[in-house]
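Worksheet for the structure shown next.
Numbering of ligands and ligand atoms starts at 1, following listing order.
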Amino acid sequence: MTLSLAAEHAKGKAANDIIFAASKAAVAKAAEIGADKVTNATIGAILDEEGKLVCLPTVEKVLRSLPTDELIAYAPISGLPDYLEAVLTATFGTSRPEGYMAAVATAGGTGVIHHSIWNYTDAGEVVLTSDWYWGPYNVLCKDMGRTLETYKMLDAENNYNLPALKIKVNEILAKQNKLLLVINTPAHNPTGYSLTDSDIEGVIDCLKEATAGTDKTAILLLDIAYIDYAGEKEEVRKFFRKLSNLPENILTIVAYSMSKGFTMYGQRTGAMIGLSSNADVIQEFADINQYTSRATWSNINRPAMKTLATVYNNPSLLSAVESERDFYYKMIKARADLFTKEAQECGLKMLPYIAGFFLSIPAKDPAAICDKLHEVNIYAVPLAAGVRIALCAVPLKKITGMPAKIKAAMDFVEK
Ligand SMILES: Cc1ncc(COP(=O)(O)O)c(C=O)c1O
């Protein structure tokens with residue numbers, strides 16, 4: 001037996017990250033035969049048509065021109081005040097919902113998910129999300145002694161599956177007093193799916209019905225990590241208005257991340273925004289999450305927060321960032337359009353893609369398909385129920401022919 005000095009709860013934990021493993025294999029192959037011969041569709045960051053990691057130029061300019069004090073000083077634990085104000089505009093645009101709200105700075109969107117699980121569920125409780133989900137949700141739940149359960153995200157017609165959500169919500173609330181429901185929209189990872197405004201209304205109604213007249217509570221965690229690549233800026237934010245004045249026993253938390261919108265992935269900056277019709281709930285939200293920040297990472301990245309605040313307080317910088325981002329949004333869209341067209345031509349089924357960094361192909365044996373694709377130097381991420389393709393990282397010229405190769409690998413594996 002191997003020696004273990006770890007605490008009981010920590011024993012046996014190892015982050016076996018399939019995404020980084022797949023990426024590592026692609027990088028090794030590129031080193032061997034040349035990057036131009038390898039299609040690395042594993043990376044969750046924007047690479048341009050030359051395969052270079054993109055940094056929005058104006059973001060880089062603002063970050064690099066900050067005075068030294070702003071680069072090195074501590075920030076307040078709950079975040080720089082000008083950042084916290086600007087983050088509300090970055091999140092909601094002109095669709096700011098009515099109600100009490102507070103923002104707390106976090107280490108990326110991941111930090112929001114961490115604090116939400118820790119502070120709004122108890123040990124042993126269940127957290128709910130859809131069956132297609134971003135793997136770290138499960139890692140975060142497990143690390144804190146919670147269990148992630150899922151409902152089927154899409155019905156047979158590929159519409160959002162509200163009936164499946166309702167069944168699961170009621171099942172969980174029959175066993176526990178509070179429910180944390182995580183929904184990643186718009187431009188969902190890994191499928192590129194977005195809930196419609198009426199789907200969001202359906203989710204809210206479901207939570208209202210399940211908690212009305214009871215002492216049960218629901219926390220709706222909206223993970224909007226990809227909102228800046230989801231479509232027209234104000235159009236994709238309209239659904240936020242539906243969150244106005246919800247009953248007191250429903251708290252909404254929005255997970256904002258600078259990782260994609262500002263191409264600042266490694267700078268680890270985000271914010272959690274709490275929204276409620278009750279002032280006490282929001283005061284508590286600000287207090288307990290600031291406390292958990294102090295107890296987890298203390299304060300976060302000051303220069304990244306200052307960069308966002310500087311951009312949002314200067315209309316010309318903001319419009320420059322938005323037009324630079326729009327250029328890359330269109331670059332990803334062109335890749336998605338070509339993939340979709342070729343997939344249709346060769347009969348490769350995809351899950352409904354609306355926008356975003358990724359699309360997914362449903363499959364019975366995703367790992368075997370990904371292994372087979374290595375023979376033609378294509379690297380993708382095998383998920384439980386399909387193969388994830390990172391459109392954000394694959395130049396248009398390498399998209400050409402890719403659906404047919406995936407279809408051939410699938411036919412071979414599933415024959
Ligand atoms: C669905 C989803 N949520 C949240 C995040 C959070 O990212 P970060 O912690 O870098 O802000 C990501 C990043 O890949 C993601 O894909």
Proximity winner for atom 8 (P) of ligand 1, if only heavy atoms of Ala225, Ser259, Gly44, Gly135 are counted: Ser259

In terms of relative ring orientation, are [X] and [Y] parallel, tilted or perpendicular, with 30° and 60° separating the classes?
X      : Y      : result
Tyr312 : Phe262 : tilted
His115 : Trp297 : parallel
His374 : Tyr379 : parallel

Contact check, Tyr226 vs ligand 1, heavy-atom distance below 4.0 Å: yes

Note, Pro190 side chain near Leu383 side chain (heavy atom, < 4.5 Å): yes

Identify the protein heavy atom lying closest to [atom], giving its residue, its atom name and the separation to 0.1 Å.
atom                    : answer
atom 13 (C) of ligand 1 : Lys260 NZ, 2.8 Å
atom 3 (N) of ligand 1  : Asp223 OD2, 2.5 Å
atom 1 (C) of ligand 1  : Asn184 OD1, 3.3 Å

Ligand 1 contact on His188 by region, counting heavy-atom pairs under 4.0 Å: neither

Residue portion contacting ligand 1 (non-hydrogen atoms closer than 4.0 Å) for Met258: neither

For ligand 1, which atoms, with element, lie under 4.0 Å from some heavy atom of [X]?
X      : value
Gly108 : 9 (O), 11 (O)
Ser257 : 8 (P), 11 (O)
Arg268 : 8 (P), 9 (O), 10 (O)

Sole residue of Tyr265, Tyr229, Trp134, Tyr328 in ring pair (Phe, Tyr, Trp, His ring centres under 6.0 Å) with Phe357: Tyr229

Min N/O separation Gly111 to ligand 1 under 3.5 Å: no

Distance-only N or O hit between ligand 1 and Thr110, under 3.5 Å: yes

Is the shortest distance from a Lys or Arg side-chain nitrogen in [X] or [Y] to a carboxylate oxygen in the other one below 4.0 Å?
X      : Y      : result
Lys333 : Asp337 : yes
Asp122 : Lys178 : yes
Arg64  : Glu60  : yes

